[in-house]
Amino acid sequence: MAEPRSVIIDTDPGQDDAVALLVALASEELDILGITTVAGNVPLELTTRNALMMTELAGRPDVPVYAGCDSPTVRPLITAEYVHGKTGIDGAGLPAPSGSPRAGHAVDFLIETFMNREVTTICALGPLTNIATALDRQPGIVERIDQLILMGGGFFEGGNVTPAAEFNIYVDPEAAAAVFTSGIPLVMMPLDVTHQALTSDERIEAFKASGNESGRVVAGMLEFFEHYDMERYATDGAPLHDPCVIAYLLEPDLFGGRACSVVIETTSELTMGMTVVDWWGATNRPPNCLVINEVDDDGYFSLLVHRIALLP
Ligand code: BDR
Ligand code: CA
């Protein structure tokens, strides 16, 4: 097997983040250098707690968790308990973690890790606050990141927090703008692709059918998580957003997209946090991001189920 790919996962769990973490922790193609947490779906204390719970569930307490920024770069925090429940991972039915986050701030960990290694990949599953803060403090990290794969934004699909904006970008649009103008090679998983990757009774059953604790926890979380979106969009399932990022790392051929210019709206209140994607080349702005808009949804769920089945 090829050398495992070195990755850092920046996240705000959230049930879909939690599934993404479990899939990554189950995958021997990935060397997870650390998990950095950020405030987003729920406050930082809970996102950190939830990330620790996933490392313990996966039998990987050796993977360090670092707590990061507790609020966006310039705005007050907006959270999403209305989707994820009070804990962020309602439905998991797990005890509190026995371990604690590592000493030190996630932003220091990011800078030190990037600067001391040749190249690292970063997966961003929440607001981009930690990454933008690291870029602001040490712009040299741009050269050390071979790829940043993020869940965020939406173009033809529009937004999920406002008509124009998706949650991760809307929570910290200034951070997103810093990342999208940084020069880091970007891959973006917008709502346009995640809304093709819907949960279903059958897909949730498949996680349970593995018979392990992790499969049971994933099923419990998804049963809770899907309710809000099913009602909102009148669909038979909910978009399973964040694991798309990890699935892209593991099996990029499941996805299709186009290199485009993407600019983040940070001034208009009406469209704040919009990801303005030049899909049709209406401007001469050079592409800064591979924008994904296609997924083999059966292949995606099958990958997730198989990886979760490998866990305790
Ligand atoms: C994104 O926002 C959060 O609610 C999810 O975890 C995902 O990262 C979807 O808009
Ligand atoms: Ca998330």
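These numbers come from a predicted model, not from an experiment. Counting convention: from 1, in listed order, for ligands and their atoms alike.
Of all the N, O or S atoms in Asp242, the one closest to the Ca ion (ligand 2) is OD2. If you look at Asp12 and ask which of its N, O or S atoms sits nearest the Ca ion (ligand 2), the answer is OD1.
With a 6.0 Å radius and a threshold of 12 heavy atoms from other residues, nucleotides or ligands, Asn116 has its CG atom above the threshold. The neighbour count for Asp146 CG, taken as heavy atoms of other residues, nucleotides or ligands under 6.0 Å away, is above 12.
Residue-ligand proximity: His84 is placed with a non-hydrogen atom under 4.0 Å from ligand 1.
In this structure, Phe255 and Tyr300 have perpendicular ring planes: the angle between them is above 60°, well past the 30° mark. Relative orientation of the Phe109 and Tyr66 rings is parallel, given thresholds of 30° and 60° on the angle between their planes.
Short contacts between ligand 1 and Asp17, defined as distances under 4.0 Å to a heavy atom of the residue, involve ligand atoms 6 (O). Interface of Asp16 with ligand 1, defined as ligand atoms under 4.0 Å from a residue heavy atom, comprises 5 (C), 6 (O), 7 (C), 8 (O). In summary, the atoms of ligand 1 found under 4.0 Å from a heavy atom of Leu125, numbered by their order in the structure, are 8 (O). Within ligand 1, counting atoms from 1 as listed, the ones closer than 4.0 Å to a heavy atom of Glu166 are 1 (C), 2 (O), 9 (C), 10 (O).
For atom 3 (C) of ligand 1, the nearest protein heavy atom (residue, atom name, distance) is Asn41 OD1, 3.1 Å. Scanning the protein heavy atoms around atom 8 (O) of ligand 1, the nearest turns out to be Asp242 OD1, 2.7 Å.
Among the backbone and side-chain atoms of Gly40, no N/O/S atom is found under 3.0 Å from the Ca ion (ligand 2). At a cut-off of 3.0 Å, Asp16 is not counted among the residues with an N, O or S atom near the Ca ion (ligand 2).
The distance criterion of under 3.5 Å between nitrogen or oxygen atoms is met by Asn160 with respect to ligand 1. At under 3.5 Å, a nitrogen or oxygen of Asn168, whether backbone or side chain, sits near a nitrogen or oxygen of ligand 1.
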Next item on the list: Walk me through it: do Gln196 and Thr194 pass the test side chain to side chain donor-acceptor pair (under 3.5 Å)?
Entry: CA-CA 5 Å; Gln196 297 170 45; Thr194 66; over 6 Å; no
Margin query: Using the rule given for salt bridge (charged side-chain N to carboxylate O under 4.0 Å, His left out), can you reason through Arg307 versus Glu29, listing the C-alpha separation, both sets of side-chain angles and the distance that settles it, and then say yes or no?
Written below: CA-CA 11 Å; Arg307 296 303 167 115; Glu29 301 95 318; 2.8 Å; yes
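Less than 6.0 angstrom separates the ring centroid of His84 from the ring centroid of Phe225. In this structure, the ring of His195 has its center less than 6.0 angstrom from the ring center of Tyr233.
With the Ca ion (ligand 2) as the vertex, O of Leu125 and OD2 of Asp17 span 80° to the nearest 10°.
Here Asp298 pairs with Arg203 in a salt bridge; the nearest charged N to carboxylate O distance falls below 4.0 Å.
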